[in-house]
Amino acid sequence: MPELPEVETTRRGIAPHVTKRRVLKVIVRQPNLRWPVTPSLVDELPGHVIDKVDRRGKYLLLKTRIGTLLAHLGMSGSLRVLNTNKSPSKHDHLDIIFEGDRLLRYSDPRRFGCILWEPNPIESHPLLQSLGPEPLGDGFDGEYLYHNSRKRVASVKTFIMDARVVVGIGNIYANEALFMAGINPKRAAGKVSRLRYRALADRIKEVLNKSIKVGGTTLRDFTNSSGNPGYFKQSLQVYGRGGMACQKCQRPLSQIRLGQRNTVYCPHCQK
DNA sequence: CGAGCAACCTGCATGC
DNA sequence: TGCATGCAGGTTGCTC
């Protein structure tokens, strides 16, 4: 479900409700996520205050004085702030109950996400170790992409979706940014010019920023922390539109498989 | 080292 | 209606 804009939407939604709040209790109903929910979470988090909600790539970091809760939403996960009287349904795997009448509920039908507890400095967590720069941060631009793609024969789409290269760009926004930049997704990453990588980096920033502004993309079931959908779907130009007319040239969009992922592009506008 | 792919799991749309 | 199939927003970890 979530790429960077959806995770950032979640972060902004939950932050005001959990920051400075003290955890009363943690309830785990289904520990078998991508990795087992860290068992000590239930014993260690209660009694402590969430100081800050950060994001690194698609990971959410709930920081306390004694450690960090690291959450990933996988393909179908969500975090919502609810009243404690709301009873859980089938895929509501974990609750963090706060003092007062609020709880943070993790739901994830496919269970590709994770909830981990890390008592040590989070910067050294293995899952965060090999992540590339934030696409909306200073370390990311066309020069960076150009420099790191030399001699790479994999497709440029696979390249920008690799979290070791740059975090946060999933299948939706990779398709969109390549269309906006006029680059064929099949092109070898190492054969894209410096000039065109500048355009690509700019379009990546643009599409992510615009999506965050409207609460992300809701395809079937993504909702923000209050249960509302995101509105970027209506702005998508190629994702989910294989066979339909290109919005620039009116020719039909091609749909292919690239690195096991559905890929839509315009053979006329993207070279 | 990089590239390609199977795997994790459930829900939903489609076709017979 | 029922069943089989294929597909979905992500990422790791295996093989070559």
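Just the heavy atoms: all of them, side chains too, but no hydrogens, waters or symmetry mates, feed the values below. Residue numbering restarts at 1 for every chain, and letters A, B, ... go by the order of the sequence lines.
Side-chain N/O atoms of A:K58 include one lying less than 4.0 angstrom from OP1 or OP2 on C:dT11. In terms of phosphate contacts, A:R257 brings a side-chain nitrogen or oxygen within less than 4.0 Å of OP1 or OP2 of C:dA8. Close to C:dG9, at under 4.0 Å from its OP1 or OP2, lies no side-chain N or O of A:Y173. A:H91 has no side-chain polar atom (N or O) that falls below the 4.0 Å cut-off from OP1 or OP2 of B:dC9.
Nearest heavy atom pair, residue A:F140 against residue A:K205, reads O-NZ, 2.9 Å. Nearest heavy-atom pair, A:Y146 versus A:S193, reported as atom, atom and distance to 0.1 Å: CD1-C, 3.8 Å.
Comparing A:N171 and A:R34, the nucleotide of DNA chain C nearest to each residue sits closer to the 5' end for A:N171.
Closest contact between the side chain of A:I172 and the listed nucleotides C:dT12, B:dC9, C:dG9 involves C:dG9. Taking every side-chain heavy atom of A:Q260 into account, B:dA6 is the closest of B:dA6, C:dT12, C:dA8. Residue A:A154 has its side chain nearest to B:dA3 when only C:dG9, C:dT11, B:dA3 are considered. In this structure, the nucleotide among B:dC5, C:dC7, C:dG9 sitting nearest to the side chain of A:R261 is C:dG9. Nearest to the side-chain atoms of A:R152 among the listed nucleotides B:dC8, B:dA3, C:dT12 stands B:dA3. Among the nucleotides C:dC7, C:dT12, B:dG11, the one closest to the side chain of A:K90 is B:dG11. When distances are taken from the side chain of A:N262 to each of C:dA8, C:dG9, C:dT11, the shortest belongs to C:dA8.
Side-chain atoms of A:V53 and A:L61, non-hydrogen and from C-beta on, never get closer than 4.5 Å to each other.
If you check B:dA13 for Watson-Crick or wobble pairing at under 3.5 angstrom, you find it paired to C:dT5. Partner assigned to C:dG10 is B:dC8, using Watson-Crick or G-U wobble distances below 3.5 angstrom.
Under a hydrophobic clustering in which Ile, Leu, Val, Met, Phe, Trp and Tyr are joined whenever their side-chain heavy atoms come within less than 4.5 Å, directly or via other members, A:L4 and A:I204 fall into the same cluster.
None of A:N175, A:V264, A:N262 except one satisfies the side-chain contact (heavy atoms from CB on, under 4.5 Å) rule with A:Y239; the exception is A:N175.
On a pure distance criterion of 3.5 Å, no polar donor-acceptor pair joins the side chain of A:R111 and the base of B:dT10. For A:R110 against C:dA8, a side-chain-to-base donor-acceptor contact under 3.5 Å is present.
Look at A:D51 and A:R65 and you find no salt bridge, because none of the NZ, NE, NH1 or NH2 atoms lies under 4.0 Å from a carboxylate O.
Taking the 5.5 Å centre cut-off and the 30° plane limit, the aromatic side chain of A:F112 is classed as stacked on B:dC8.
For the pair A:D162 CG and C:dT12 P, the computed distance is 10 Å after rounding to whole Å.
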Write down the protein N/O and nucleotide N/O pairs, taken from nucleotides 14-16 of chain C, whose separation is under 3.5 Å; answer none if there are no such pairs.
none

